[in-house]
Structures are given as C-alpha cells and as structure tokens.
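Everything on this sheet refers to the single structure shown next.
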Amino acid sequence: MTPGEPAVSGLLRVLRLDSIRSKMLVFALLATLIPSVTTSWISYLQTERSLTAKITGELQSVSAQTARETDLWVKERLYELRVFASSYEVSENVDRLQRAGSERAHARLTGYLRSVRDRFADYHELLVVNPDGEATASTAQQPTSVQLPEGWTKTIHDDNAVIGDVTWDGALKQGVLVFAVPISQTGGRFLGALSAKVALSALHRLLRRFAGGAAPAGQVYLIIADGRLIVGSRSEPADLMHRSLAAAVLRRLLEREGAIQEYRGLEGQEVVGAVKRVPRPDWAVLAEVPASEAYRQVARLRNVTVMIVAALLVAVGLFAYFLGLVITRPLGRLTRAAAKVAGGDLAVQLPVVGGGELKYVTEVFNDMVARLHESRKELEHLSVTDDLTGLYNRRYLMETLAHELRRSRRLDHPCALLMADVDHFKEYNDAYGHLAGDEALTRIAAVLRETTRDVDCAARYGGEEFVVLMPETKAPGAIETAQRIRTRLAADELVGGKLSVSIGVAQFPDDGDAPEALLARADAALYRAKREGRDRVLRAPPTP
C-alpha cells in the first residue's frame, strides 16, 4: 500500500464514494455534465444570434415591403385622379361653370363625379375646387369643406399633385386623407383641382395585409415626419390620429433607418422596431413587436437548454444508479435467497437478468430451489395420500373433518359423512388373491372419486373401509350420493356382481357435533346395514 492510499480511502468514505455504485454514479454525472453544458451553451449563443438576426430580418422586410406598397398605393390613387381630371367631362364642364355658371354644366359634372365615386369605394367624396380653394362641385348631397395645405397652388403646379394632411372629417365621422390633382383646359390654363377624400380604412387594410410577418403580436404603423400616427395595422384610425411617437425615439429610428431599435412604445411597453421611409409623401412605415414577444424564443431556448441539461443529468444519474444495481444486486439477491432456503423457505424465485456468470449461477440456483420445492410437495402429497388407492389417508381426513365441523358450526350450516365398507372382502381376497383384492380396492376408490363432488373429501379409513366428507349437504342428499355409489359399483366391469358396499350416513349436527361422535354414528349405521343384509345404505339411528 502506498502512503497516500489511506488518505484517499478516507476521503472517499467521507464523500460516501467508497462503493462501486456511487463511483459509477459520480463518473457518469461528470462525463455527462461537462460536455453537455459546454455544447448546450455554445448552441444557445449561436441560436440567440440566429434568432436576433431573424427578428431583424422580419422587421426590416415588413417595413420595407409595406413602405413600397404604400408608395405604390399613393401613386395609384394619384394616377386615377389624373385620369379622371383629364376627362373631357371634367375640364369642359368646369370651364363652362366658371365662365357662365351653367346649371347644366354643374349637373353634368356632379353626375360624372358620382359615377366615379360609385365605382371606387375608397373615395368618400370627390370635389372640384377653384384656384381659390373653394368647392364648386361635390359627390356629397351636403358638400363638406376640403382643407388643402397652404401654398397648394404652387405645389400642384410643381409636382402635378397635392397630398394633404390626415384630418378628422366631422361630417363623414372618420379620418380622411386628401389628394388633389390639377384640372387644366386645353392650352394649359389652370381651372382648379380635382380633390378626393380617401378613407383611412383603405390604408388600414393595406397595413393589416403585411403585418403578419412582424410576429403574431407585432404591429405596423404609418407615421408622418413630426411623429404623428396616421394609421396602424391593429388599431382603428380614429384611435391613433391624436397620438404621436416621442420625437427622440423617431429621430433615433430615422437616423438608423432599417436597423432595429429597442424603445418604449405607445402602450408603455418595451418594443423592438425598425422604420422605413415612404418616398412620397413624407411618411414612414414603423414595424414593431413587443420585446417580450421578440425575445420569447430566446428565453424559451434558454429554459429548454436548462431543462435538457437537467434531464440529461437525471437520466444519466438514473442510468448509472440502475447500472450499479444491475452489477451489485444479483449478488445480494443470491445471498438473501440462500439464507431463506437455509431457513426452510422454498418459495424463492430469483429474476434472471443480465448475462454471463451471474445469469448462469441464478439459473442453477432457481433450478435447485425448484427441485427442492417439488420434492417437498411430493412428500407433502405422500403424507396425506393413501399409497394404494390414491385417496386421502385417515390422518388428512381427521384434520379436514375437524376443520369442516368448525366451519359448519360457525356458519350454522349442515354437512354429512358417509362410511362405506366392502362386503365379503375377505372371501374375495381368498378366492382371487391379494393382488386382485388390491386392484378391487383401487377400482372402488375410482368409483368414489367419479361419483362425488370436487369439494367432497373421499378417504381410505382403513383396510376396506372408506369415508366421504360432504360439506354443505344434508342426510337426504348424502343418501342419494351413497345410492349412486352402490349403483355405479354394481355396474362396474371389474367388481360388479362380485363386490358390494354397505354405507352408513350421519349428518352434522343432528347425529353428532364432534368428529369422533359423527364417525361413531356413521359407523353404527354401517354395522346396522351389515346386520340387515349388506349392500344397502342406512342413516344413523336416532340418538337415544
């Protein structure tokens, strides 16, 4: 032994690592914990970066696509209005209306505008305004005012269109967006503008169509340069018109257009968002998602990683523990089983597990115990069975009779006893020999088994005397069974016509309430049957 071995052994005992099972358990846990934790941590970091990049890509894609579609939507509305404004019905009737104030021109202009309005549901109202900004024709029964931005005439000459601010129209009871395009006479004379009040619900539907890419809880907003909100994908326009994004937040988002930023949103919660400008007009699309939702997958990944590592530790720990049991438990089972067998308990059956030498030793041990058990059962059977007839012997009969009388007394139930004796058996032995006599007794025993119930106890009482104990049976039933025995024996091929039996019947408790008394009464009935001529059944005479 080296000098350090006692110290190592003492340390292992203190740490309770002196057994093979505990050493295997610690080794398995360390072998699992180190690589699994390292691998899981690296996987977590890589997946976190991947999820962050995915969130960034989704927000950038949604904001850019929505901005592109919004710009296209604006251009389509302006294009439609230019087509209508260039119509002969508009320009000629506006010119006539301004020159002569013709009622017919006003009616034709209004009718044309209403036909256009009926074909385009997003136009709540179409109006014609003169160069002074006054409405001269409208599709509404009660024309409403139109608010064009200051200096709109210069803008409409320079850009060929004017996009007004988002306003709340009290007459229409909803938010509207005003578009205007110039109306010119042949030769380029400016007659006014064709203006359309477009419902914000159209933009609301547009945003809802693209908001699905910003996660289930995300939202897409359309905002203007000062931070005021025009419309949102999940909020009604009326709820957003008087709300705005903080100037510092908007400035930070616009400075890093397309990059995701974390900030406090309109609802007061932390959100992650990205902004994309709309080329025309001076709008921007803001796509955002709650920070808790955006990083939920990261948190879930962290939790799953911890759970996987914990599950690995538990699984490997259990595996190591059960592996130790597989190695050490068979030896312990063999030791305990051998002690039980030595104490006389043969109801031992060891499970055969594993392989190799332990399996072989276990199988041999089980076979040895099974042989001992069979030998004991055979000895027990021989101890209660008559060797010649195979019926129960007298000792077993007396034990069973005592037990049955106790049961019948407790339950207040009857039972009956048959005592049979073979008539003239000595003469049969003298005439045919003892071997034939033994064969005849065996045949009579077979008849008793065949004519009695499974619950009855048929026994050889001694010599050529037999006793049958019949639980739950009264004397008439016992007499009927005894007669059946006589009839069956008379018809037997071997002993029929040569041997007969005399049978005495006794009933508990009428004829006796103790084993000896009941046997004595049945014996008395038997000898009375002998005296009266044999080959008959008689019940015990009444008790004096």
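Residue numbers start at 1 and run along the sequence shown. Side chains included, hydrogens not; waters and symmetry mates left out as well; all remaining heavy atoms used.
Judged purely by distance below 3.5 Å, without hydrogens or angles, the side chains of E80 and Y123 pair a donor atom with an acceptor atom. A donor and an acceptor atom, one from each side chain of Y221 and Q219, are located under 3.5 Å apart. With hydrogens and angles left out, the side-chain atoms of S408 and E404 include a donor and acceptor closer than 3.5 Å.
T110 places no side-chain N or O within 3.5 Å of a backbone atom of A107 that could act as its donor or acceptor partner. In this structure, R453 contributes its side chain and P471 its backbone to a donor-acceptor pair below 3.5 Å. Side chain of H413 to backbone of R409: no donor-acceptor contact under 3.5 angstrom is found. Checked by atom type and distance alone, the side chain of T155 never pairs as donor or acceptor with a backbone atom of V162 at under 3.5 Å. Under a 3.5 Å cut-off, the side chain of H204 and the backbone N or O of G232 do form a donor-acceptor pair. No donor-acceptor pair under 3.5 Å is formed between the side chain of R228 and the backbone N or O of I223. Side chain of S244 to backbone of G227: no donor-acceptor contact under 3.5 angstrom is found. Judged by distance alone, the side chain of E262 and the main-chain N or O of V271 form no donor-acceptor pair under 3.5 Å. Judged purely by atom type and a 3.5 angstrom limit, S63 uses its side chain to pair as donor or acceptor with the backbone of Q60. A donor-acceptor contact shorter than 3.5 Å links the side chain of N130 to the backbone of D132.
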For this session: Carefully, step by step, assess V94 and T136 under the rule side-chain contact (heavy atoms from CB on, under 4.5 Å).
Result: CA-CA 9 Å; V94 169; T136 58; 5.7 Å; no
For this session: List the steps and the verdict of side-chain contact (heavy atoms from CB on, under 4.5 Å) for Q261 and V249.
Result: CA-CA 9 Å; Q261 300 283 332; V249 173; over 6 Å; no
For this session: Decide yes or no on salt bridge (Lys or Arg N to Asp or Glu O under 4.0 Å) for R264 and E270, but give the supporting numbers first.
Result: CA-CA 5 Å; R264 189 171 296 277; E270 291 296 323; 3.1 Å; yes
Problem set entry | Residues R277, V285; criterion side-chain contact (heavy atoms from CB on, under 4.5 Å); working and verdict | CA-CA 6 Å; R277 288 185 173 90; V285 173; over 6 Å; no
For this session: I would like to know whether L97 and N93 meet side-chain contact (heavy atoms from CB on, under 4.5 Å); could you show each step before the answer?
Result: CA-CA 6 Å; L97 189 61; N93 286 308; over 6 Å; no
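Look at E89 and R108 and you find a salt bridge, because one of the NZ, NE, NH1 or NH2 atoms lies within 4.0 Å of a carboxylate O, short of that distance. At a threshold of 4.0 Å, the pair E472-R407 counts as salt-bridged, since one of the basic side-chain nitrogens sits closer than that to a carboxylate oxygen. Residues K276 and D71 are not paired through a salt bridge, judged by the lack of any N-O separation under 4.0 Å between the basic side chain and the carboxylate.
Expressed to the nearest 0.5 Å, how far CG of L81 lies from CD of E76 amounts to 12.0 Å. For the atom pair CG of L245 and OH of Y263, the computed distance is 6.0 Å after rounding to the nearest 0.5 Å. Between the CZ atom of R119 and the CZ atom of F84 there is a distance of 5.5 Å, given to the nearest 0.5 Å. Between the CH2 atom of W73 and the CZ atom of R205 there is a distance of 9.5 Å, given to the nearest 0.5 Å. The CG atom of D95 sits 4.5 Å away from atom CZ of R189, with the distance rounded to the nearest 0.5 Å. Distance CG/D282 to CD1/I224: 8.5 Å, rounded to 0.5 Å.
In this structure, V181 and N160 have side chains that are not in contact, with every pair of non-hydrogen atoms separated by 4.5 Å or more. At least one side-chain heavy atom of Q98 sits under 4.5 Å from a side-chain heavy atom of L191. You'll find the side chain of S195 stays beyond 4.5 Å of the side chain of V128, heavy atoms only. Side-chain atoms of V220 and L286, non-hydrogen and from C-beta on, never get closer than 4.5 Å to each other. By the 4.5 Å heavy-atom criterion applied to side chains, V176 and V198 are not counted as neighbours.
Taking both residues in full, the closest heavy atoms of A196 and L126 are given as CB-CD2, 3.5 Å, listed atom of the first, atom of the second, then distance. Minimum interatomic distance between A274 and G258 (heavy atoms only, all atoms of both residues): CB-O, 4.2 Å. Among all heavy-atom pairs drawn from A85 and L194, the shortest one is N-CD2, 3.7 Å. Closest approach of T139 to E125, counting heavy atoms only: OG1-CA, 3.5 Å. I156 and P182 get closest at one heavy-atom pair: CD1-N, 3.4 Å. H106 and A137 get closest at one heavy-atom pair: NE2-CA, 4.1 Å.
More than 12 non-hydrogen atoms from other residues, nucleotides or ligands lie less than 6.0 angstrom from CZ of F120. Counting non-hydrogen atoms of neighbouring residues, nucleotides and ligands closer than 6.0 angstrom, the CG atom of D118 exceeds 12 such neighbours. Heavy-atom contacts from other residues, nucleotides or ligands closer than 6.0 Å to CD of Q147 number 12 or fewer. For R256, the CZ atom is loosely surrounded, since the number of other residues' heavy atoms within 6.0 Å does not exceed 12. Other residues, nucleotides and ligands contribute at most 12 non-hydrogen atoms within 6.0 Å of the CD atom of E103.
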